[in-house]
Amino acid sequence: MKLFLKELSDIPGVSGFEGKVREFIKEKIKDKVDQIEVDKLGNLIAFKKGKVNKKLMISAHMDEVGFIVSNIEEDGKLSILPLGSIDPRVVLGKKVVVGEKQILGVIGSKPIHLMEGYEKVSFENIKVDIGTTKKQEAEAKVKIGDFVSFAPNAMVHGEWISGKALDDRGGCSLLIDLILEDLDLYYDTFFAFVIQEETGLRGSGPCAFKIKPDLAIVIETTTSGDNPEFPEARRSSELGKGPVITPAHRGYVNDERLFNFAVKVAEENKIPYQIKRRTAGGTDAARIAITTGTPSLVISIPSRYIHSPICVLNINDYRNTFKLLSLILIKEVL
């Protein structure tokens, strides 16, 4: 197990701009798969032959939440709009990079002492400062339509890793590790690294339509909710307690047969696991099921502070998710 979390976290790849992530993944796996291709939308699909010719699609999304430049103001500041679901309160004062040149900037807003009463923080009053004071000066560096990504900041400290974009670079890293492990796969297996999950599950549907899988597993990074200020009843999952197996989420009830099988494999092999206890949020499993009628399941790594500049994962959760998936992929599931 190589664990590519830190490298993948630091690559900018907001929705619609996943190219650098895709090239990193392709370089790591190209010599370990039977076929590899990039479809018209930009999904990366890697195929490995199994024992039987039934098809399994296992996917993770390459994109991260971020922003796009919507205007360049007269004072050289940049107006931005979110790509994906981001709470504007978590981005104030954070470093970002803008466009392919990765121009460094800082997200700012009106200082609190200048606010009148209660002023809601919104993207309408948030600007990115790239160190320019005139529109023409800024236009020489960036343009409207450029992506804006949280700046690289990944750190490994003991059994913990923090950084941006761990949703879903955690899943991407797992898929790479599973490919490099050279497992004795039961099914013909399609490892799909898909685009634009954060902006409405856009890549997985066409990808599944192309593959036409008999079953699908979506690998995600999911919100933990084990912040100290939250009561236990509000916790969707918790760090350090193993992979999260999802019975249902917004828009889809995961296939009961796949869910029960994953739980059985975890229990028989004494792999710690947890059941996701809230249904908020959706994943590509819903899109895959709707597009192709494929029974689907979601298995996730829990994360704190998801969709923020600094997500936190427990590396033991990653290892145990890897163990569980390694066993599932060599067995007959359906």
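Side chains included, hydrogens not; waters and symmetry mates left out as well; all remaining heavy atoms used. The shown structure was predicted, so the numbers you read here are calculated from the model rather than taken from an experiment.
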Engineer: Applying salt bridge (Lys or Arg N to Asp or Glu O under 4.0 Å), can you list everything that pairs with K20, at least two apart in sequence or on another chain?
Structural biologist: E100
Engineer: Report the residues that fulfil side chain to side chain contact (heavy atoms under 4.5 Å, CB included) with E267, sequence neighbours left out, ordered by chain and then residue number.
Structural biologist: V263, Y273
Engineer: Could you tabulate the donor-acceptor pairs under 3.5 Å formed by side-chain atoms of residues 165-176, not counting sequence neighbours?
Structural biologist:
residue: D167; atom: OD1; partner: H61; partner atom: NE2; Å: 3.0
residue: D167; atom: OD2; partner: H307; partner atom: NE2; Å: 3.0
residue: D168; atom: OD1; partner: G171; partner atom: N; Å: 3.0
residue: D168; atom: OD1; partner: T221; partner atom: N; Å: 3.3
residue: D168; atom: OD1; partner: T221; partner atom: OG1; Å: 3.2
residue: D168; atom: OD2; partner: H61; partner atom: N; Å: 3.2
residue: R169; atom: NE; partner: M62; partner atom: O; Å: 2.8
residue: R169; atom: NH1; partner: L8; partner atom: O; Å: 2.8
residue: R169; atom: NH1; partner: I11; partner atom: O; Å: 2.9
residue: R169; atom: NH2; partner: G13; partner atom: O; Å: 3.2
residue: R169; atom: NH2; partner: M62; partner atom: O; Å: 3.0
residue: R169; atom: NH2; partner: E64; partner atom: OE2; Å: 2.9
residue: S173; atom: OG; partner: F4; partner atom: N; Å: 2.9
residue: S173; atom: OG; partner: Y318; partner atom: OH; Å: 2.7

Engineer: Return the set of residues passing salt bridge (Lys or Arg N to Asp or Glu O under 4.0 Å) with D39 (not counting sequence neighbours), or none when no residue passes.
Structural biologist: none
Engineer: Applying side chain to side chain contact (heavy atoms under 4.5 Å, CB included), name anything that partners T292, two or more places apart in sequence or on another chain.
Structural biologist: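 With neighbours one apart ignored, the set is A208, I288, T294.
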Engineer: With sequence neighbours excluded, tell me which residues meet side chain to side chain contact (heavy atoms under 4.5 Å, CB included) with R304.
Structural biologist: W160, S224, D226, N227, L239, V312
Engineer: Could you work out, with salt bridge (Lys or Arg N to Asp or Glu O under 4.0 Å) as the rule, every residue matching K143, not counting sequence neighbours?
Structural biologist: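 Partners of K143 by the salt bridge (Lys or Arg N to Asp or Glu O under 4.0 Å) criterion, ordered by chain and then number, come out as D146.
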Engineer: Cut-off 3.5 Å, no hydrogens considered: what does the side-chain donor-acceptor table look like for residues 187-195, sequence neighbours left out?
Structural biologist:
residue: Y187; atom: OH; partner: V333; partner atom: N; Å: 2.8
residue: Y187; atom: OH; partner: L334; partner atom: N; Å: 3.0
residue: Y187; atom: OH; partner: L334; partner atom: O; Å: 3.0
residue: D188; atom: OD1; partner: K49; partner atom: NZ; Å: 3.4
residue: D188; atom: OD1; partner: G50; partner atom: N; Å: 2.9
residue: D188; atom: OD2; partner: K49; partner atom: NZ; Å: 3.1
residue: T189; atom: OG1; partner: Y187; partner atom: O; Å: 2.8

Engineer: With sequence neighbours excluded, what pairs up with R319 under the salt bridge (Lys or Arg N to Asp or Glu O under 4.0 Å) test?
Structural biologist: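 Counting only residues at least two positions away or on another chain, R319 forms a salt bridge (Lys or Arg N to Asp or Glu O under 4.0 Å) with E159.
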Engineer: Can you sort out the partners of R257 under side-chain hydrogen bond (donor to acceptor under 3.5 Å, both in side chains), two or more places apart, ordered by chain and number?
Structural biologist: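 R257 satisfies side-chain hydrogen bond (donor to acceptor under 3.5 Å, both in side chains) with D255 once adjacent residues are dropped.
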Engineer: Who are the side chain to side chain contact (heavy atoms under 4.5 Å, CB included) partners of Q136, not counting sequence neighbours?
Structural biologist: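 Q136 satisfies side chain to side chain contact (heavy atoms under 4.5 Å, CB included) with no other residue.
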Engineer: Who passes ring pair (Phe, Tyr, Trp, His ring centres under 6.0 Å) against F147, sequence neighbours left out?
Structural biologist: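 Result, ring pair (Phe, Tyr, Trp, His ring centres under 6.0 Å) vs F147: F17.
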